[in-house]
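Since the model is a prediction, treat every value here as computed from it, not as a measurement. Numbered from 1 within each chain, the chains take letters A, B, ... in sequence-line order.
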Amino acid sequence: MNETPLYRINNLKYRYENGRFLLHIPEFAIARGASIGIVGPNGGGKTTLLKILALLEDPDEGTVYLDGMKVEKTSDELKRSVTMLLQEPYLLKRTVYENVAYGLKVRNEKKGLTEKVHRTLNLVGLPPEEFAQRRWHQLSGGEAQRVALASRLIINPRVLIMDEPTASVDQRSAVLIKDAVNTMREQFNTTLIVASHDLIWLNTVASQVFRVYEGRITGLASDNVIDGPWNPESDGLWKKVLPDGQVMFSATPPGDSAAKALLNPSDIVLARAQPDGRDGLSARNIIRGTVTLLSEENHSKKVLATIDLGGLSVISRITRRAAESLHILPGTPIFVIFKASSLRWE
Amino acid sequence: MEYIFEGIVRAIELLLTGNEETFSAVFVTLKASTMSMMGSLALGIPCGFLLGYFDFTGKKQIRAIVDTLLALPTVVVGLFVYAFVSHRGPLGEMELLFTIPGIAVAQTLLVLPIVISLTATAVESLDKRLKSTLMALGARGKQIAIASILEARYAVMIAAVTAYGRAISEVGVSMMIGGNIKWHTRTITTAIALETGKGEFSMGIALGIVLLALAFTVNAMLTILKKRST
């Protein structure tokens, strides 16, 4: 079994024109066949990172290894097996058929072209008899996005990189995109790297989600991030006051009062009723909230419960069985319980 | 005023009866302008693509020169080409003076800046996502260039039609290089100039009608292409 990761990044730096670093990633690796999600605020460097991985941009410093070789030394065939769907996809001013067929035509793979185009259009939920001869301007936003996806999928890429593929599409298109991508991955073990603001959708296609923040990969995005300020208490704990007046405690001191605390969703316990005092409970934090969303995590098959704590949103990872026994639905009042020592610092 | 009306009536008669002299000028015009179009497109589209697509030292200066040449006076081109193709000139042996190919060569030089400049603008105006998209789909080198030109095809066609309009309506080059020789190099514009000078308004008006019809057709094509390109 080949253990070399498909991608390895070493001390990657990418500068803005003004010289400031936009991206700085000391080490990062992506395994073959992995499905990686990336989240983070706009301007944090997600798109630039994706373009570097898609070999559309070169870093200013550092090295990107693809299949164990520096990208500049890899074969053109390997480079062409990496494709990217841009955030706002560009369709060629041609028919849908011509758009989808283009990738194979430039590779001179014209055998069975029509059949392949029709099969790929079906895969993304666009019946060829209805869509193949449409022109680029005769499509809705979601249809255009799916044509763009089909034009990438038809080349059976080893790596499919997508930047906000569901940002401007309807719900149906988002589901069809997810299904098409998952089908491709099952059939061809395609490595998937996708950035999205839609964490729920992302969890349905990605097995690991990383957060890119201010040009750095700051960890797994499944962690809850809790902003400061954090103020010291007389008993050695550090306290944050939530927007509705409830308080949260940390056992370890933050680097500075504005530091962001990280909380693993698996460290959060949920209870329908408030525990009787803290005497019989080892956890310091018992906070009242309301369930706002329930979704399934693709790789773990666990339930992610999003809970509003009076203005602060946190995610708890629980088993399906626990969710069923708690009888929780969006709108259910709930108590969030976790140890003060569960909070870590970014 | 009467002679103008008489001229118009006679002009329509000349057109309807297929007057040979009139149609000779029309065919010479179409032949010369078509040849010049082929030459200017063959040279201008690649040059315009290079100028619009790539960044290189001196690009701005070249662009400024090309844009200045858009307003090139026809008589200056005529003078320049005459100097080269006359019997004493370096290209005198090619015997282009007073021939339709000679007119076409001069018209090519006249409209080349139009084709280069408008093609460069069309390529510069291409969506910034196009190159990334083509690369992501696996296109390389020549494939990217061809696909980019195809994406700009309506704008490039606008350049071609604009250049054609300039070629069929110019008079200076046709007069100086063609010599306005009846049955051989007399074009619509040189014939109008000559006939008007002689006081023969009817043929001038007849040819004017043909020229206007051509200009109208060219303009209609421009309008359609502009609509399709947006």
Count the heavy atoms belonging to other residues, nucleotides or ligands that lie under 6.0 Å from CE of B/Met221, then report whether that count exceeds 12.
no

When you look at NZ of A/Lys178, are more than 12 heavy atoms from neighbouring residues, nucleotides or ligands closer to it than 6.0 Å?
yes

Does a sphere of radius 6.0 Å around CG in A/Asp58 hold more than 12 heavy atoms from other residues, nucleotides or ligands, not counting ones at 6.0 Å or beyond?
no

Please tell me if the side chains of A/Tyr90 and B/Leu134 come closer than 4.5 Å, counting only heavy atoms from C-beta onward.
no

Could you tell me which non-hydrogen atom of B/Ser132 sits nearest to which non-hydrogen atom of A/Leu86, and how far apart they are?
CB-CD1, 4.1 Å

Candidate pair A/Lys105 and B/Gln143, rule side chain to side chain contact (heavy atoms under 4.5 Å, CB included), full reasoning
CA-CA 10 Å; A/Lys105 281 188 176 175; B/Gln143 293 169 333; over 6 Å; no

With a sphere of 6.0 Å drawn around CD of B/Glu20, does it hold more than 12 non-hydrogen atoms of other residues, nucleotides or ligands?
no

With chain B, the option among A/Glu57, A/Arg80, A/Lys51 that has the most non-hydrogen atom pairs under 4.5 Å is A/Arg80

Quick check on A/Leu91 against chain B: is it the side chain, the backbone, both or neither that has a heavy atom closer than 4.5 Å?
backbone

Is the closest side-chain heavy-atom distance between B/Thr133 and A/Pro89 below 4.5 Å?
no

For A/Glu130, does the CD atom sit with more than 12 other heavy atoms under 6.0 Å from it, leaving out its own atoms?
yes

Quick one: which of B/Arg153, B/Lys131, B/Met135 has the most heavy-atom pairs under 4.5 Å with chain A, could you say?
B/Arg153

Evaluate the side-chain proximity of B/Leu150 to A/Leu92: yes if any heavy-atom separation is below 4.5 Å, no if none is.
no

Contacting moiety of A/Glu88, where chain B heavy atoms sit under 4.5 Å
both

Counting only heavy atoms not in B/Phe56, do more than 12 sit closer than 6.0 Å to its CZ atom?
yes

Return yes if some donor-acceptor pair links the side-chain N/O of B/Glu151 with the main-chain N/O of A/Lys93 below 3.5 Å, else return no.
yes

Determine whether a donor-acceptor pair (N or O, by modelled atom type, separation under 3.5 Å) exists between the side chain of A/Arg107 and the backbone of B/Leu137.
yes

Check this for me: B/Phe80, atom CZ, are more than 12 non-hydrogen atoms of other residues, nucleotides or ligands nearer than 6.0 Å?
no

